[in-house]
Amino acid sequence: MPNSKKSPFKNAIRKNFRRLEGFIFYLKSFLSPRQFIYLACFLVGVSAAIAVIVLKTFAHWVYIFAQYIDSILHLPYSNSTLPIIGIVLTAFVVKKVLDGSIEKGTSQIMYAVAKKSGILPKKQMYAQIITSSLTVGMGGSAGLESPITITGAAFGSNFAQNYRLSYKDRTLLLACGVAAGISAAFNAPIAGVLFAIEVVLMDVSITAFIPIMISSATGAIVSTILLKEEILFSFSKQLSFDYHNLPFYVLLGVFAGFVSINYARTFRKIEHYFEKLKIKPIRKALFGAFMLAILIFFFPTLFGEGYESIKILANSNPQQILDNTVLQHFKENSWILLLFVGATMLIKVYATSITIGSGGNGGNFAPSLFVGSYLGFVVATFFNQIGFKLPVSNFTLVGMAGILSGLFHAPLTAIFLIAEITSGYSLMVPLMVVSSISFAISKRYEPYSFDIKNLAAKGDVFTEDRDRNILSSITPSNLIRTDIQTLTVSNSLDELVQKLSSHNQTVFPVVNDKKELIGIVNFEEIRPYLFNSYKVKFTPLQDIMRPPKEQINYDETTDTIMEKFDRSQEDFLPVLKNNQVIGLLSKTAILEAYRVRLKNMIIE
């Protein structure tokens, strides 16, 4: 009986989806390609905004529930229990429902654009919502924005796949989903557009702005209509800039740059530590969750995204930050408050990396704002303690832009995000100063943003280098010619002549019995031998073969392969896998693939 009740409901949903899908196909048949893109980016914006509403609402109500429990029990350890449950449940869902794996972080979006033609799997449309809501909603010390952007990107990518759009349109809709997600999460449409361009699309033309702006505006509108105001991260205080404080903002920018570097390096070390742990996922989740629980016991503001504590610091009663802590009896001591906030700022990276590394799902966008606000508060409060009069609220908010800029290498996003969530642009000058200084310092010591550093070093994501971007999008293994003839030292020149006459091949690898490369025979180099019958008959093969100038490993990236072609000045190089020759790769084939890819990547 239960199945008979459920099936009509499911069938009705499927039928309605098919009708909607058929209607969109119908619209596509008479709309121009550009008009259909505008419709598509609107629909993707709505989808991403709804995902934001689900995630944010769930996380907010879990936070309220945790505070309610605290008000009854008056014990800080109640907040430590929920993250353990959340991380373990996340690990269980990943193992049992998501085939044991889930991609984390915005780097997966850039990898999809660079290496997978903008294709994200369908499961990313729901996997991020489920897992991040369990992790962050239950108090894991991470952010929802990275899962939100991946979900939005997945909506855009799969919409384009479903309606058979081209690579360039697929990539554009993917970026539209990212923009809508950020816009809806903060009600910041300009920041959404800039984040999509700065972080996702390294190469973009002016015409790409319109679809991205439509998606971003759609996300903000839907979020404003459906999401309660208290769930949004925003500030209503009127802020002003005093140019006399400019030296202190410069100092804040310097601190933000170095704190960003420390955050990035510490996060990677802890993440690698958990990757190397050879224990089962559930045990790893328990191990990490208990470590996080201890941190939250002593520093309760590490619970969840941390946006509520940012609002507390930016308001006139920052002493509330010590409520439900072991230091709550020292609320009136400014130095104790300063030390607590400073310690929390430095420990946040440990809490976030443990949350994500042990098996939880979340991102570093919200933690970067958390660390930045705490840093700004520490700087302003310290100087106020020694006799200056700095606006603590201003520094708390501007500090967020400094860490966001330094960590993600996205200064424009940082500037306009904080400007938009403060409902004004009075702090534009300090935002520009702090963000640019932090970005310059971080860029000097960390050439790539922390979440894509490993992928960028391998050429697996786009960078500011356009040529390398295009090369990284080419898969060399698809260009290898595997139907080749090889030689052994026992072959005669007569046999070589026969191979030349019957095969379209001018370069022959010489291999041993194990198919290991021992030399190369190039037709152009041995031409004098082949047109002399005496030499053909009496010259052994080993006299005319030579060592290879370069050889290619099967898993090498395209840019390193091109470097080998340039050094060797060869047109063909042998390709090895497990030390065995599997084929030849042509420089011409790579250049032709480059030309085709460049043509396809131009966004009209």
Side-chain angles (χ1 to χ4, degrees), residues 34 37-52 106 109-110 112-113 118 143-146 148-157 159-160 168-225 227 232-234 363 365-366 368-369 400-401 404-405 407-425 428 431-432 435-436 439 449 462 464 603-604:
R34 199 65 186 169
I37 286 295
Y38 292 154
L39 173 64
C41 63
F42 168 76
L43 295 175
V44 169
V46 172
S47 302
I50 291 174
V52 169
T106 54
I109 302 174
M110 281 81 86
V113 173
L144 292 171
E145 286 72 28
S146 288
I148 283 170
T149 57
I150 297 175
T151 302
F155 278 124
S157 173
F159 184 96
K168 66 179 181 181
D169 290 336
R170 187 163 57 245
T171 304
L172 181 58
L173 287 181
L174 181 149
C176 286
V178 171
I182 292 295
S183 175
F186 295 102
N187 193 21
I190 298 176
V193 172
L194 293 173
F195 184 83
I197 292 171
E198 278 191 304
V199 178
V200 179
L201 296 179
M202 300 304 300
D203 298 309
V204 63
S205 67
I206 295 298
T207 52
F209 274 92
I210 297 176
I212 294 175
M213 285 190 292
I214 292 173
S215 284
S216 188
T218 301
I221 292 170
V222 173
S223 175
T224 301
I225 294 173
L227 200 60
L232 285 170
F233 181 50
S234 60
F365 200 99
S368 71
L369 299 180
M400 292 191 288
L404 181 61
S405 175
L407 207 56
F408 287 91
H409 290 188
L412 291 177
T413 300
I415 292 168
F416 282 93
L417 175 66
I418 305 306
E420 287 185 286
I421 65 176
T422 56
S423 302
Y425 293 86
M428 184 59 71
L431 285 171
M432 294 171 67
S435 295
S436 59
F439 171 73
S449 64
F462 287 171
E464 292 86 347
I603 301 177
E604 298 175 353

Run the side chain to side chain donor-acceptor pair (under 3.5 Å) test against Ser157 and tell me which residues pass, sequence neighbours left out.
Gln161
Could you work out, with ring-ring contact (aromatic ring centres under 6.0 Å, His included) as the rule, every residue matching Phe159, not counting sequence neighbours?
Tyr163
Distance from Thr413 atom OG1 to Ile190 atom CD1, nearest 0.5 Å?
11.5 Å
How far apart are the closest heavy atoms of Ala153 and Val178, and which atoms are they?
CB-CG2, 3.8 Å
Minimum-distance pair of heavy atoms, taken over all atoms of Ser368 and Leu407
CB-CD2, 3.8 Å
Can you give me the closest heavy-atom contact between Ser183 and Ser216, atom names plus distance?
OG-O, 2.6 Å
Aromatic contact between Phe186 and Phe195, with the criterion being ring centroids under 6.0 Å apart: yes or no?
no
Atom OH of Tyr38 and atom SG of Cys176: how far apart are they, to the nearest 0.5 Å?
10.5 Å
Once rounded to the nearest 0.5 Å, what's the spacing between atom CD1 of Ile197 and atom CG of Leu412?
9.5 Å
Taking the side chain as C-beta and beyond, is there a heavy-atom pair between Leu173 and Cys41 under 4.5 Å?
yes
Which pair of non-hydrogen atoms, one from Gly152 and one from Val44, has the smallest distance, and what is that distance?
O-CG1, 4.2 Å
Heavy atoms of Leu404 and Ala414 approach each other most closely as CD2-CA, 3.7 Å
Looking at every heavy atom in both Ser435 and Ala401, which two are closest together, and how far apart are they?
OG-CB, 3.4 Å
Working to the nearest 0.5 angstrom, can you tell me the gap between Leu194 CG and Phe209 CZ?
7.5 Å
Can you tell me how far CG of Leu144 sits from OG1 of Thr149, rounded to the nearest 0.5 angstrom?
11.0 Å
Going by atom types alone, do Ser223 and Asn187 pair a side-chain donor with an acceptor below 3.5 Å?
no
Okay, side chain of Glu420, backbone of Ala191: is any donor-acceptor separation there less than 3.5 Å?
yes
Among residues at least two apart in sequence or on other chains, which ones pass side chain to side chain donor-acceptor pair (under 3.5 Å) with Thr218?
none
Not counting sequence neighbours, which residues clear side-chain contact (heavy atoms from CB on, under 4.5 Å) with Ala49? List them please.
Ala184, Val222
Note, Met400 side chain near Ile421 side chain (heavy atom, < 4.5 Å)
yes
If you apply the rule side-chain contact (heavy atoms from CB on, under 4.5 Å), what do you find for Phe365 with Ile182, and how did you get there?
CA-CA 10 Å; Phe365 200 99; Ile182 292 295; 4.3 Å; yes
For a 4.5 angstrom cut-off between non-hydrogen side-chain atoms, does Ile210 reach Ile37?
no
Partner set under side-chain contact (heavy atoms from CB on, under 4.5 Å) for Ala217, not counting sequence neighbours
none
Would you give the length of the straight line joining atom CG of Leu174 to atom CD1 of Ile150, rounded to the nearest 0.5 angstrom?
10.5 Å
Given 3.5 Å as the limit, does a donor-acceptor pair link the side chain of Glu145 with the main chain of Gly363, or not?
no
Might you confirm whether atom CE of Met432 has over 12 heavy atoms from other residues, nucleotides or ligands at distances under 6.0 Å?
no
Run the side-chain contact (heavy atoms from CB on, under 4.5 Å) test against Ile221 and tell me which residues pass, sequence neighbours left out.
Ile225
Residues forming a side-chain contact (heavy atoms from CB on, under 4.5 Å) with Thr151, sequence neighbours excluded:
Ala51, Gln128, Ile129, Phe155
Given side chains that start at C-beta, do those of Arg34 and Pro211 come closer than 4.5 Å, heavy atoms only?
yes
